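Take a look at the structure below.
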Amino acid sequence: MLDQKLIRENPTSVEKSLSLRGKDFNVFPIHKLTIEKKAIDIEISNLQSESKKLSKLIGLEIGKSLNNNSAELNNLKKEGNEYRMKISELEEKKRKLDNQIHKEISSLPNFPSKDAPTGKDESDNVQIKTWGDPLKKDHLKSHWEIGESLNLFDSSKTTKISKSRFITLIGNGAKLERALINFMLDIHSNNGYLELMPPALVNSESLQGSGQLPKFSNESFKCSNDDLWLSPTAEVPITAFNKNEIIDPSLLPIKYVAYSPCFRREAGSYGRDTRGLIRLHQFNKVELYWFSNPSKSLEAHKSITSDAESILKKLNLPFRLVDICTGDLGFSSSRTFDLEVWLPSSKSYREISSCSNCLDFQARRSSIRTKIDKKNQYIHTLNGSGLAIGRTMAAILENGQQSDGSVKIPDALVPYFGSNFIKTP
RNA sequence: GGAGAGGUGGCUGAGUGGUCGAAAGCGAACGACUCGAAAUCGUUUAAUAGGUAACUAUUCGUGGGUUCGAAUCCCACCCUCUCCGCCA
């Protein structure tokens, strides 16, 4: 959430910053509401002050005289009543304004960082570096072909269980998934991250707090009988974990790593990536998350990104690092680095981790602060996949495929998986 | 799901209509004593919003209501705990 005060005091600069996203935003209607609200605030405060004084006076008068029903006293009470009417009228107005302002501001995305490349869409993203040698040969199999021939997963049988875009992992496929989760959790938790295993169901407030609501309710699955949603990413429960807290600055940064299943409706993406493990309604992910001192989030962003990178390096998977342009940034993010893994079958890089610095955007929505120089300040939140498990498996299958149809398991993963190759059953 | 109890400052806990933003204790900070420390004694110590400040307002789980005035009364909701039932 953007700072209401900023919109009230400098709407033009707010619009200018937001327009970096490649769309026009009109914040003047909100600006007007905030001015109106401010005036009402002051008026209410004045009236309350008067009415409080009067109440005290009445209390004193009653204490002095035994007559609770004197004409004088009744007049004072009547006066007090008038205050009450006026105040409650104004409060009603204010409540409406507050709701409206809150609703409007919640729908505004975060400011893009000035360091992010300016651009309109995906095509303007900037490649920062590549790592490893991308496997480029003809007649390479896709991971779903490999998965089928090695019997690692089955999507068509899974439609009987739920519907398309779900998967059932089988045998070595299931084992590989499990190995990857443990592998990633171990590396990160040995690297200073505290492991969390949060609930998969989250309430509306939590989704609001990290920015998925109110704008993207179409993207999540909702439970019909409760105010609970299937969490689209561990970012949601982790943000909510420290909601409404003032964190001692000496504890910062707080670094969490969490494994969680993630559920996304993928509305609007039918027809894309319909096969394999790339785009599913349910997938597993190991998520990295930092609560950072606001003055240190730029360095934190580099660290979290390189922590995510380290997994790809250990697994020896070629990847590139991409600086997401202003027009392609997620709603809550001010700057995002994507890690894209090489998928030889499509001869392209695919997103496997998205590392974002949300600055104080989520912290303001969730009210997470720290005390610096005796003043409360919103902390900065950062998140990054470390990594998406399904896509990592796809990359291992495709990059590790051998001419005899087997798949070589990256050395670092062997202790977790238990063997060097996945062979035909 | 049934029955009961409860939610007050950093913590424990008192407070059932009027200077209550809230006793007391613990904790913490500062000072005295001490070579230093412990102990003891004294003083201070809630948060948030607005304002340069003086100050003003709000906050006793949340939201409404009654009243000139609510931590205190009324209504609804949320959460926690205990017992019973069910259950991986």
Side-chain angles (χ1 to χ4, degrees), chain A residues 1-10 30-31 33-103 105 197-209 213 223 225-229 237 240-252 254 260-261 294 360 363-379:
Chain A
M1 186 140 64
L2 300 180
D3 188 358
Q4 197 177 123
K5 197 172 169 186
L6 198 59
I7 294 176
R8 193 177 68 231
E9 290 173 356
N10 206 343
I30 310 177
H31 165 76
L33 295 177
T34 56
I35 300 263
E36 243 177 90
K37 197 197 101 177
K38 180 79 181 167
I40 292 181
D41 267 341
I42 292 170
E43 204 180 341
I44 288 179
S45 171
N46 288 339
L47 286 173
Q48 276 169 333
S49 177
E50 293 302 315
S51 135
K52 255 176 100 166
K53 278 181 205 152
L54 183 65
S55 293
K56 270 181 189 165
L57 182 70
I58 293 174
L60 286 175
E61 288 300 319
I62 290 177
K64 269 193 255 169
S65 76
L66 294 174
N67 182 3
N68 277 10
N69 273 318
S70 70
E72 200 183 335
L73 215 48
N74 282 335
N75 276 339
L76 288 177
K77 284 186 184 177
K78 213 169 149 192
E79 201 183 326
N81 193 23
E82 276 161 26
Y83 277 122
R84 186 158 62 95
M85 305 290 264
K86 272 191 217 161
I87 290 170
S88 65
E89 207 174 290
L90 285 172
E91 276 180 339
E92 179 60 28
K93 256 195 209 170
K94 186 190 151 176
R95 206 173 304 142
K96 277 188 188 149
L97 277 174
D98 260 337
N99 287 340
Q100 212 176 337
I101 289 168
H102 191 256
K103 203 176 122 203
I105 295 187
M197 202 172 284
L201 294 182
V202 298
N203 60 33
S204 301
E205 254 187 44
S206 300
L207 283 165
Q208 172 81 230
L213 285 179
C223 302
N225 287 333
D226 301 280
D227 176 34
L228 289 170
W229 306 64
F241 193 55
N242 283 321
K243 193 179 146 83
N244 294 333
E245 286 187 13
I246 295 172
I247 297 169
D248 190 320
S250 68
L251 300 174
L252 296 175
I254 300 177
S260 82
D360 61 3
R364 184 173 290 108
R365 287 178 162 240
S366 300
S367 186
I368 307 169
R369 290 167 295 179
T370 189
K371 198 145 247 174
I372 296 169
D373 296 330
K374 294 189 178 172
K375 289 201 86 175
N376 286 333
Q377 279 192 35
Y378 290 107
I379 52 109

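The structure presented is a predicted model; accordingly, all values stated were derived computationally and were not measured. Here is the naming used below: chain letters follow the sequence lines, and residue numbers restart at 1 for every chain.
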How many angstroms lie between CG in A:Asn203 and CH2 in A:Trp229, if you round to the nearest 0.5 Å? 11.0 Å
Output for pair (A:Ile379 CD1, A:Leu252 CG), nearest 0.5 Å, gives 7.0 Å
Sort out the partner of B:G7 for me: Watson-Crick or G-U wobble, both distances under 3.5 Å, none otherwise. B:C78
Check the side chains of A:Asn46 and A:Ser49 for a donor-acceptor pair under 3.5 angstrom, ignoring hydrogens and angles. no
Expressed in angstrom and rounded to an integer, what is the separation of A:Asp98 atom CG from B:A49 atom C1'? 12 Å
The side chain of A:Lys38 is closest to which nucleotide in this list: B:G18, B:G69, B:G50? B:G50
For the pair made of CD in A:Glu50 and P in B:C68, what is the distance, rounded to whole Å? 18 Å
Specify the residue among A:Arg369 and A:Leu76 whose closest nucleotide of RNA chain B lies further upstream toward the 5′ end. A:Arg369
When both hydrogen-bonding distances must be under 3.5 Å and the geometry is Watson-Crick or G-U wobble, what is B:C87 paired with, if anything? none
Considering Watson-Crick and G-U wobble pairs with both distances under 3.5 Å, what does B:G42 pair with? B:C30
With respect to the phosphate group of B:G63, does any side-chain polar atom (N or O) of A:Arg95 fall under 4.0 Å of OP1 or OP2? no
Please confirm whether the shortest side-chain N or O distance from A:Ser45 to OP1 or OP2 of B:U56 is below 4.0 Å. no
Touch check for A:Gly80, heavy atoms < 4.0 angstrom, all strands: base, sugar-phosphate only, or nothing? sugar-phosphate
Base, sugar-phosphate, or nothing: which does A:Leu54 touch, judged by heavy atoms less than 4.0 Å apart? nothing
At 4.0 Å (heavy atoms only), tell me whether A:Lys78 reaches a base, stays on the sugar-phosphate, or touches nothing. nothing
Output the single nucleotide from B:U58, B:U19, B:A49 whose closest atom is nearest the side chain of A:Lys56. B:U19
Return the pairing partner of B:G69 with a 3.5 Å limit on both distances, Watson-Crick or G-U wobble; otherwise return none. none
Just checking A:Lys371: base, sugar-phosphate only, or nothing, at a heavy-atom cut-off of under 4.0 Å? sugar-phosphate
If we ignore hydrogens and angles and just use 3.5 Å, is the side chain of A:Arg364 paired with the main-chain N or O of A:Met1 as donor and acceptor? yes
Quick check: does any side chain N or O of A:Ser88 sit under 3.5 Å from a backbone N or O of A:Arg84, one acting as donor and the other as acceptor? yes
Using a cut-off of strictly less than 4.0 Å, decide whether A:Gln48 has a side-chain nitrogen or oxygen near OP1 or OP2 of B:U56. no
Assign A:Arg8 to base, sugar-phosphate, or nothing according to its heavy-atom contacts below 4.0 angstrom with the strands shown. nothing
A:Ile40 CD1 to B:G50 P: how many Å, rounded? 17 Å
Give a yes/no answer on whether the side chain of A:Lys5 brings an N or O atom under 4.0 Å of OP1 or OP2 in B:A49. no
